[in-house]
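If you're wondering where the values come from, they're calculated on a predicted model, not measured in any experiment. Below, read A as the first sequence line, B as the second, and so on, with proteins coming before strands; counting in each chain starts at 1.
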Amino acid sequence: MRNPQLNRHGELTHLITTEGLSRDILTHILDTAQTFVPLAERDVKKVPLLRGKSVFNLFFENSTRTLTTFEIAAKRLSADVFNLNINVSSAAKGETLLDTIANLSAMQADLFVVRHQASGAPYLIAQHVAPHVHVINAGDGRHAHPTQGLLDMYTIRHFKKDFSNLTVAVVGDVLHSRVARSNIHALTTLGVAEVRAVGPLTLLPSGLDQMGVRVFTDMNEGIKGADVIIMLRLQNERMGAALLPSSHEYFKHYGLTQEKLALAKADCIVMHPGPMNRGVEIDSAVADGPHSVILNQVTFGIAVRMAVMSIVAGASA
Amino acid sequence: MATKTPAYTAATLPDAETLYGNLLAAVRHAIEHLPPELMHLIGIHSGGAWLAQRLHKDLGLAQPMGTLDISFYRDDFEKIGLHSQVMPSEISFSVAGKHLVLVDDVLYTGRTIRAAMNELFDYGRPASIRLAVLIDRGGRELPIAAVAVGGFIDPAPVASFVLSQTQAGAFVLTIESKEH
Amino acid sequence: MKLQIKNGRVIDPANKVDQQTDVFIADGKVLAFGQTPAGFKADRVIDAAGKLVVPGLVDLAARLREPGFEYRGTLESEMRAALAGGITSLVLPPDTDPTLDEPGLVEMLKHRARQLAQVNLYPLGAMTVGLKGETLTEMAELTDAGCIAFSQADAPVLDTTVLLRAMQYARTFDFMLWLRAQDPWLSKGGVAASGAYASRLGLSGIPQQAETIALNTLFDLQRTTGVRLHLCRLSSAAGIDLVRAAKREGLAITCDVSANHVHLTDVDIGYYDSNFRLDPPLRGQRDRDAIRAGLADGTIDVVCSDHTPVDDEGKMLPFAEAEPGSTGLELLLSLTLKWAQEAKVPLIDALARVTSGPGRVLGACSPAVSSAGQLGVGAPADLCIVDPNAFWKVSRQSLLSQSKHTPFLDMDLPGRVQATIVRGQVAWELVG
């Protein structure tokens, strides 16, 4: 089955997941992002690449951070940006997802950035838009958050240069994390030496070893010698669903403290997709400390999203 | 005024180093009266950047030069999308109030220069922009002219000129037949 | 109407018949095979050369959506689809709207069906009122009205005591219970089978324990009560193993699988194609292999269509939000033939799973129906003539059902039904 993210010419026309994208395509996105990074230093931070294009940010799940970065990225490409925060209840009252897309397409939308609570929603949208319209997934259910995965890869490449010797540990609620899945697929495609998942059994999905991941339930073992540690957010709902007893106990065994960090390599970098729960998955001292590259991730996020938008918008119809 | 630039046909076109010699003389003349502390060369990737490097050395210029990649400013994004190899633009000095000399290898339709000027203006407001090119092959589609030219080709052949550099740094010009 | 079907290959699993012979029909019954009976003058002769002549299929699970969901399907449209698929007897689950828990509703349904005079309909009554799993229905009254057995469709019974009481009550009258083995808590919120594929797709999973734990509960309660059970829509290898052991033990069990599960696995979901959103979910390769093995060794008695019409609005949604179900009446015979071809199962054995097998289950429910799914002399003339070597393309245009959603969309399937005969009348015929 042809990868729905690629058009007939093999060009990236939608970005829905990092899974199934070749190393060349991933590298091309990172290289392009690199050329956008210096723009932030200029007076005029814009380039005219997407001038005249309409970018619709369709967020069915609330998010200020991601929405804002996509807005900044689109505006720096000189696109016209329209933000739609559609929470679930209003969608349930009225239009179906596809009706919403059809209406917006009738308003000359060129690019949809979509965040939705149902895994797979962006595929459904991509199947129903005209060939010149592109879809970028800003997070779908538990399935994927590809721009976060890419900016995480960019960050790792920026600090570590070469992927092939790295041990990367993804720690926390992997079961519910679309960021974890996007990272895992990108890391394995880019040829990282070892990908590890660390968490309690209740938060680890089945089939991780089939994705090329080594699983640890003991965090001390899991981050020993790691070059990169990616901490995942723990949501409060997990306590209610009998997955964990308390954030207190979670922090004790799976929270990243200075002490635990010492088990990793001396030049280990610490990442987090944000927003952080200080004292739940990560200690403030670590979050604000010298190993943390969390703020760099945010900066790189804009350049990466600019790169993704430019690449898909430039794919032939 | 500029010294008379030699005109050639495809048959009489000299090698790249000779053309470069013409260009060097023309640029030297063109920047004679510009205040040196406010003058910068800016080469357009890749041929223009190499030329600018050589000019910068041969003219003994004190002020740093810059390089420009115009991929984000092209007017054919709709048709061909984003180029697969975007090089970084590097302008480490302030552009405001400066006299800039844009350097490129071939001047043809003028669209590359238009894109370069748009990009330069996003860096700031220069005092002036002049253009130096190795080859002017006519065929302008926009009102753009160079003040320093290595050689005019008239009539221009149905082919493209490709500038390359040897290990030692010498320029080589090859002609590739165009495939439409 | 006197009918002669000549030159066909007659396959009748119930009577172990597989031979080239003619069939003679009169007064709505099978009159004779082979030589023309004395004084028989056919009103119509159908040439079935190169075709199979089989008993009309008996489908143990088909939702026709009446009453209540007519925008998805009506008796007319869906019965026509059944006939086009060679099906002459259908069992209806009770999850209509309102649920079939009152004798009056059953009578209305049977009346409607009789007026259409086509496929034989056998409704299942609701085991509990409104299928809520709280209070028992008037099973005896419902049986008098025409229900052949009792079921919860896909609705769970949360209170095990209610399940026990329902079994005891049914046993009192020797009614059969048709139940899904699905633990409500382990299956809650799940939309796909737990496993590597669901994890990759980020879909909430239903572990196989949802089936095995429920089966163990049902078997244990069955040992105490002695009720007869038909288990609906098995899906896992582990579940089938439990059924095999229970049958060996001597428990009174029959069971079925959906035709979809005979062919498909979880990876067929591909890029979240909601046509593959089914209940129970499609499981892995090992489970599909176990289903085929179970059909071959008789652990699984029946393949049914699990016909569940869903309209476009129900399917054009992200996978987890889409409605489970697929159209199946027109595909049951073709999928059975396809399975027989792929797994090299003799036609007589494969066809048994959609004729004599379900016929026996029906007969166990209700002695009046003991001759469904077979073609013995004197049996009602319900049969189908099918060309096993002709292929047809499953498409929105070719499907007669009001629902066009099936995982087999755009596929070419073997087995074109030429004619379907119900009670001796040609009820459906391929034109052109």
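Between chain C and the options S206(A), G207(A), A144(A), heavy-atom pairs under 4.5 Å are most frequent for S206(A). Across G202(C), S274(C), S194(C), the residue that shares the most heavy-atom pairs under 4.5 angstrom with chain A is G202(C).
If you take CZ on R181(A) and CG on L201(C), they are separated by 9.5 Å, rounding to the nearest 0.5 Å. A distance of 10.5 Å separates CD in E313(C) from CG in L98(A), rounded to the nearest 0.5 Å. In this structure, CZ on R200(C) lies 9.0 Å from OG1 on T17(A), to the nearest 0.5 angstrom. Interatomic distance, CZ of F319(C) versus OG of S119(A), reported as 10.5 Å (0.5 Å rounding). In this structure, the separation between CG on L97(A) and CE on M316(C) is 10.5 Å, given to the nearest 0.5 Å.
Sparse packing is recorded around NZ of K188(C), with 12 or fewer heavy atoms of other residues, nucleotides or ligands lying under 6.0 Å away.
A pairwise comparison of heavy atoms in Y271(C) and N3(A) identifies OH-CA, 3.8 Å as the closest pair. L124(A) approaches L317(C) most closely through the heavy-atom pair CD2-C, 3.3 Å.
For the pair S199(C) (side chain) and P205(A) (backbone), a donor-acceptor distance under 3.5 Å is absent.
The contact between H116(A) and chain C is made entirely by side chain atoms (from C-beta outward), counting heavy-atom distances below 4.5 Å.
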